[in-house]
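In what follows, chains carry the letters A, B, and so on, assigned in the order in which the sequence lines appear, proteins first and then strands, with residues in each chain numbered from 1.
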Protein chains: 2
Amino acid sequence: MSAEPHALDSESRARGDHADHKAELRLWLRLLTCTTMIETEIRRRMRERFDITLPRFDLMAQLERVPDGMTLGELSRRMMVSNGNVTGLVDRLVAEGLLQRRQSDTDRRAHYVSLTEAGRRSFAAMAAEHEDWVADLFADLGPGEVASLMSLLGAAKRSVQRSVRNAVEP
Amino acid sequence: MSAEPHALDSESRARGDHADHKAELRLWLRLLTCTTMIETEIRRRMRERFDITLPRFDLMAQLERVPDGMTLGELSRRMMVSNGNVTGLVDRLVAEGLLQRRQSDTDRRAHYVSLTEAGRRSFAAMAAEHEDWVADLFADLGPGEVASLMSLLGAAKRSVQRSVRNAVEP
DNA sequence: CGATAAAACTTTAAGCTTAAAATATATCGC
DNA sequence: GCGATATATTTTAAGCTTAAAGTTTTATCG
């Protein structure tokens, strides 16, 4: 389907080795460092302030503003984690009384999951602080820098999606 | 010590609530999405092509170009993971013959870890392909975009470091 | 010197995460 | 309707990860 426009250039192919891609490698490492630092800090605050883990908070965030809930498979896709992972997280959140699950009426394989009233209240309190934490983490960036980062990361995301698509499909 | 220049502005404080920080929140979510997508794809390729996990590869990468090796604590700091995590990873890599550990001569608490000859060979082969994978993931970005991202992520990193410092120390 | 604190590492318990296999149900093509 | 195939979820085994507590050794300082 695709013309594979991103194979090695002719010079590299002629040499039979790879071009110098240090810039991209450094970019990936910096991206990873930023994400890890932020994730570590948010995890620490979530535990300290609310005694909850980050994956549980993330799962609840997906269910916010979806009163009817969604299936485990949809949760899995949106959170970009495996099916089995979601099964375990949901089990624990149901046991805590923050989530409820019910079988679909039209598809007996599917289970819908949604926040309980307690879950909604709990999430609202956490989300408000969470948003402030994130704002403070980025507080040294001006609005223009935030917008530029959004735009460039959007381009990066599309590039990654293209690369993944080319790697899996053919 | 610090003047805390990034507390809530006076308007927000007067309202007793938080300003609208949706832009920063969306930035964080996009950053996380990009990192997760890349990490998932590299993990998949590492397993498929070399039958190795990403944490093991990352640990070996830290030891590359440090022939004398480094201590477990230094590894832990550089990889930004817990001490106990490093202990386990090192144990498994030593069992595979890719790493060697020896007690420090001057500090009997410390253990130095370095790549074995087999580890060096194995890592060299993996690193070459890994670099190509990363280059392809970012291939749709021009050199200017890569440079801009590096710069903006550098600013973001400094902002996060400042925020974390302010949150932990006081 | 000797107590006390700090540092390097390991251990433990719990939870997270994945890949792969298994189960159950639904859909498709004939 | 039936067989093949696909989908939704769970289960399993292994490994990753963390926080907290524990062990040993080193540094500090009165």
Side-chain angles (χ1 to χ4, degrees), chain A residues 32 35-37 39-60 69-96 98-99 101-113 168, chain B residues 32 35-37 39-60 69-96 98-99 101-113 168:
Chain A
L32 184 57
T35 298
T36 301
M37 286 174 57
E39 209 167 20
T40 299
E41 179 66 8
I42 295 181
R43 185 198 322 283
R44 188 185 70 74
R45 296 195 197 194
M46 276 290 168
R47 171 176 37 78
E48 183 173 290
R49 182 79 177 80
F50 297 114
D51 192 30
I52 195 176
T53 67
L54 205 41
R56 295 184 198 192
F57 174 78
D58 290 343
L59 193 153
M60 292 176 77
M70 64 181 75
T71 64
L72 291 168
E74 198 169 345
L75 264 177
S76 165
R77 282 187 294 277
R78 294 205 194 194
M79 295 178 72
M80 296 190 282
V81 300
S82 66
N83 285 343
N85 192 347
V86 170
T87 295
L89 285 170
V90 165
D91 286 350
R92 287 183 282 269
L93 284 165
V94 167
E96 289 189 274
L98 300 172
L99 251 60
R101 70 190 294 170
R102 62 194 152 72
Q103 208 171 25
S104 165
D105 296 328
T106 59
D107 185 340
R108 293 198 302 181
R109 297 168 302 179
H111 288 248
Y112 277 84
V113 176
V168 174
Chain B
L32 184 56
T35 298
T36 302
M37 287 174 55
E39 208 168 19
T40 298
E41 179 65 9
I42 294 181
R43 171 184 288 112
R44 188 185 70 75
R45 297 196 196 193
M46 277 289 168
R47 172 175 37 79
E48 183 173 290
R49 182 79 178 78
F50 298 115
D51 193 30
I52 194 176
T53 66
L54 204 42
R56 294 183 198 192
F57 174 79
D58 289 343
L59 192 152
M60 293 176 78
M70 64 181 76
T71 64
L72 291 169
E74 198 169 346
L75 265 177
S76 165
R77 281 186 295 276
R78 294 205 195 194
M79 296 179 70
M80 295 190 283
V81 300
S82 67
N83 286 344
N85 193 347
V86 170
T87 296
L89 285 171
V90 165
D91 286 349
R92 288 184 282 269
L93 283 165
V94 167
E96 288 187 274
L98 299 171
L99 251 60
R101 69 190 293 170
R102 62 194 151 73
Q103 207 170 28
S104 166
D105 296 328
T106 58
D107 186 341
R108 295 196 300 181
R109 298 168 302 178
H111 288 249
Y112 277 84
V113 176
V168 174

Quick one: does [X]'s side chain get under 4.5 Å of [Y]'s, heavy atoms only?
| X | Y | result |
| --- | --- | --- |
| A/D107 | A/T71 | no |
| A/R77 | A/E74 | yes |
| B/T35 | A/E39 | no |

Pairwise 5' ranking along DNA chain D for B/D107 and B/R92, keeping only the more 5' one:
B/R92
Closest nucleotide of DNA chain D for A/G88 versus for A/R44: which of these residues is on the 5' side?
A/G88
Quick one: is [X] getting a side-chain N or O under 4.0 Å of the [N] phosphate, OP1 or OP2?
| X | N | value |
| --- | --- | --- |
| B/T53 | D/dC16 | yes |
| A/T87 | D/dT9 | no |
| A/N85 | C/dT18 | yes |

Under 4.0 Å between any heavy atoms, over every strand shown, what does A/T71 touch: base, sugar-phosphate, or nothing? Just pick one.
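It contacts sugar-phosphate atoms only.
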Which part of the nucleic acid, if any, lies within reach of A/G73 when heavy atoms closer than 4.0 Å are counted: base, sugar-phosphate only, or nothing?
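Contact class for A/G73: sugar-phosphate only.
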What is the separation between atom [atom1] on [X] and atom [atom2] on [N], rounded to the nearest whole Å?
| X | N | atom1 | atom2 | value |
| --- | --- | --- | --- | --- |
| B/E74 | C/dA8 | CD | C1' | 13 Å |
| B/N83 | D/dG22 | CG | P | 17 Å |
| A/D58 | C/dT17 | CG | C1' | 14 Å |
| A/Q103 | C/dA24 | CD | P | 13 Å |
| A/R49 | D/dA19 | CZ | C1' | 20 Å |
| B/R43 | D/dA14 | CZ | C1' | 14 Å |
| A/D91 | C/dG15 | CG | C1' | 13 Å |
| B/L54 | D/dC16 | CG | C1' | 11 Å |

Nearest-neighbour nucleotide for the [X] side chain, [options] considered:
| X | options | value |
| --- | --- | --- |
| B/R109 | C/dG15, C/dA8, D/dG15 | C/dA8 |
| B/R77 | C/dC9, C/dA8, C/dT17 | C/dA8 |
| B/R47 | D/dT9, D/dA20, C/dA20 | C/dA20 |
| B/R108 | C/dC16, D/dT25, D/dT10 | D/dT25 |
| A/L89 | D/dT10, C/dA19, C/dC16 | C/dC16 |

Which of B/N83, B/D91, B/N85 passes side-chain contact (heavy atoms from CB on, under 4.5 Å) with B/T87? Answer is B/D91
On DNA chain C, does the nearest nucleotide to B/Y112 precede the nearest nucleotide to A/V86 from the 5' side, or the other way round? Give the residue.
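First, find each residue's nearest nucleotide; the 5'-ward one identifies B/Y112.
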Between A/T106 and A/P55, which residue's closest nucleotide on DNA chain C lies nearer the 5′ terminus?
A/P55
Carboxylate-amine/guanidinium contact A/R45 A/E48, below 4.0 Å
no
Shortest non-hydrogen contact from A/S82 to A/S76?
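Smallest heavy-atom distance, with atoms named: C-OG, 3.7 Å.
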